[in-house]
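Before any comments, here is the structure.
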Protein chains: 2
Amino acid sequence: MTSEGLGSTTRRSSSVPELVERARKGDPRAVARLISLVEDASPLLREVMSALIKHTGDAYVIGLTGSPGVGKSTTTSALVRAYRRRGRRVGVLAVDPSSPFSGGALLGDRVRMQEHATDPEVFIRSMASRGHLGGLAWATPQALRVLDAAGCDVILVETVGVGQSEVEIASLADTTVVLLAPGMGDSIQAAKAGILEIGDVYAVNKADRDGADATARELNQMLALGERRGPGDWRPPIVKTVASRSEGIDELVEALEKHRAWLEERGQLAARRHRRVCDEIETIAVTALRERIGDLHGGQRLDELAARVLAGELDPYAAADELVEGITG
Amino acid sequence: MTSEGLGSTTRRSSSVPELVERARKGDPRAVARLISLVEDASPLLREVMSALIKHTGDAYVIGLTGSPGVGKSTTTSALVRAYRRRGRRVGVLAVDPSSPFSGGALLGDRVRMQEHATDPEVFIRSMASRGHLGGLAWATPQALRVLDAAGCDVILVETVGVGQSEVEIASLADTTVVLLAPGMGDSIQAAKAGILEIGDVYAVNKADRDGADATARELNQMLALGERRGPGDWRPPIVKTVASRSEGIDELVEALEKHRAWLEERGQLAARRHRRVCDEIETIAVTALRERIGDLHGGQRLDELAARVLAGELDPYAAADELVEGITG
């Protein structure tokens, strides 16, 4: 039987425990299949998570964000290379919150990732919100867990910095890297959007271009302005990189490792992860509660209540009380 | 007793039914006080809404959004003038989703609104998320209800177009106006952020400046590109305005009235409002459910479950089940 034949047969018939076992051994098809189950919000997902959970907790999650064009994929690819040289198994999750499609939307990125395609110690996956309830905020932690159980030492989560999404993704990472590039005229604008609060490490990429020093200087000033740090607090370093030539990437890895060590020393890593899991559990619970609300009276309850509010018969709080009572008994 | 004395005395001692009665008669202090109760998430809020609800449903809500600098406040002020000339009572809600402060953050806007400050038929209020649960998505509909019950025929909701907030605010309006200005270089960027999906009417303000025609043309092309309309569907008009000189404002009002008539003819106005109230009720219910989750076991339940997930003993779905059972069981 060819490996191809085995692949397509097992795709259909593998049980969840078998898939998890294969994923743990580093079978890329099993990993891909499990992440697809996450993305599709498969009914099997509970069983998957139940089987995976005891194999998780070892991966270090690094988030990368920045505006389009700053070189996120190139930087991610260079980081994969750097971590591979250090003997680590690496996962990459490219998250596109603006696209309902996975795969296609990140084709360009995939091309850039090509060099790692045949490395059995690298798992690359793009993910998009397929419009299901809870979206990526809900799916991303589950996908991270799959890569974690598959033995990844480091997982790079790459996301385009658009509005709220970058903040959400940052909250999923142990360490967040914010990328900037010179001459994009967006550093101040980006700062407004809150990147100064989410970066643990900053990289000014394309540092061989005009204006790189000015961008780094401006960023440095803005970080200093926003500083409300006590002694011993983390001061986000600014690293200059030319990711396309792997320049500055070792320095970037060093900055990441320093931040990790800093987090661990202070118990901050455990605290961040605890907060993250609290959010995750709460999101799943609230999603389930929303579904119960939606199911009340064959899906008609909310509509009936809204009609009464619009008619001035019932205020929205009283209407909400009825919903809450409806599901809590 | 001076009117001032009465004001400060009643501020403290007025019962909710008295406040609502005064607001209905157009007493601006009572309106302001009720909106403050909304903003502060006062325990009295349920009583307020219960007393208000039967007096609501007549106001037409117009949302205005756009990047900083396009002239939102000037346009709002010009629209207030136009609607006042038509004999309408007008409410203005200036919502700043990026600021935790109300009032101060919109001082500049208030100055621009000065001309309406002494008009008893105009109510102007700025609002900001004071960091409470649910934020502005939760508070804005309640504030609109206060202005509605106070007899406003038209309510203008002005918000700065930042990320998700403009979409949220647009969902609260019957008709949404998206403002652009020439030479801001942001029209395409704004388009990416989704304004092409939320505008019912577009205004290119500062139309006396260079590039106004180009901006209108570019916008027109983008709207045409995104078109998936059938016959009879609404085609968002583009109106050129110079709000500071009230030029084009009558045309803007005409476009707004046309959209309103179109919505009413097709039953779309009722449908929009129904969806809006469904969202509102659900938001209140989910907020209440989140609070119950937070209260479980003296606030410790979620922490305990998260610790077990991190230890690999429990998967997040099983943890969420325990939360859901805790509040529904």
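Letters A, B, ... mirror the listed sequences (proteins, then strands); counts begin at 1.
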Exercise for review: Check whether T56(A) gets within reach of chain B through its side chain, its backbone, both or neither, counting any heavy atom under 4.5 Å.
Suggested key: neither

Practice item. Answer with side chain, backbone, both or neither: which region of L52(A) has an atom nearer than 4.5 Å to a non-hydrogen atom of chain B? Key: neither

Check your understanding: Which pair of non-hydrogen atoms, one from C278(B) and one from A306(A), has the smallest distance, and what is that distance?
Key -> SG-CB, 3.6 Å

Review point. Between D303(A) and chain B, which part of the residue has a heavy atom less than 4.5 Å away: side chain, backbone, both or neither?
Key: both

Exercise for review: Check whether A288(A) gets within reach of chain B through its side chain, its backbone, both or neither, counting any heavy atom under 4.5 Å.
Suggested key: side chain

Check your understanding: Relative to chain B, which segment of L305(A) carries a heavy atom at a distance below 4.5 Å: side chain, backbone, both, or neither?
Key -> both

Review point. Chain B heavy atoms under 4.5 Å from R292(A): which part of the residue, side chain, backbone, both or neither?
Key: side chain

Check your understanding: Would a 4.5 Å heavy-atom cut-off, applied to side chains only, mark I327(B) and I327(A) as touching?
Key -> no

Check your understanding: When rounded to the nearest 0.5 angstrom, what distance separates CZ in R276(B) from CG in L310(A)?
Key -> 8.5 Å

Practice item. Could you tell me whether the side chain of V309(B) reaches within less than 4.5 Å of the side chain of I281(A), counting heavy atoms only? Key: yes

Point to revise | chain B contacts, top residue of L323(A), L302(A), L45(A) (heavy-atom pairs, under 4.5 Å) | key: L302(A)

**Study point:** I284(B) to P316(A) - nearest heavy-atom pair and separation
**Key:** CD1-CB, 3.8 Å

Review point. Can a salt bridge be assigned to the pair R145(B) and D315(A) using a cut-off of 4.0 Å between side-chain N and carboxylate O?
Key: no

Study note, to complete from the structure: Looking only at Q142(A), E313(A), R275(A), most heavy-atom pairs under 4.5 Å shared with chain B are made by Q142(A)

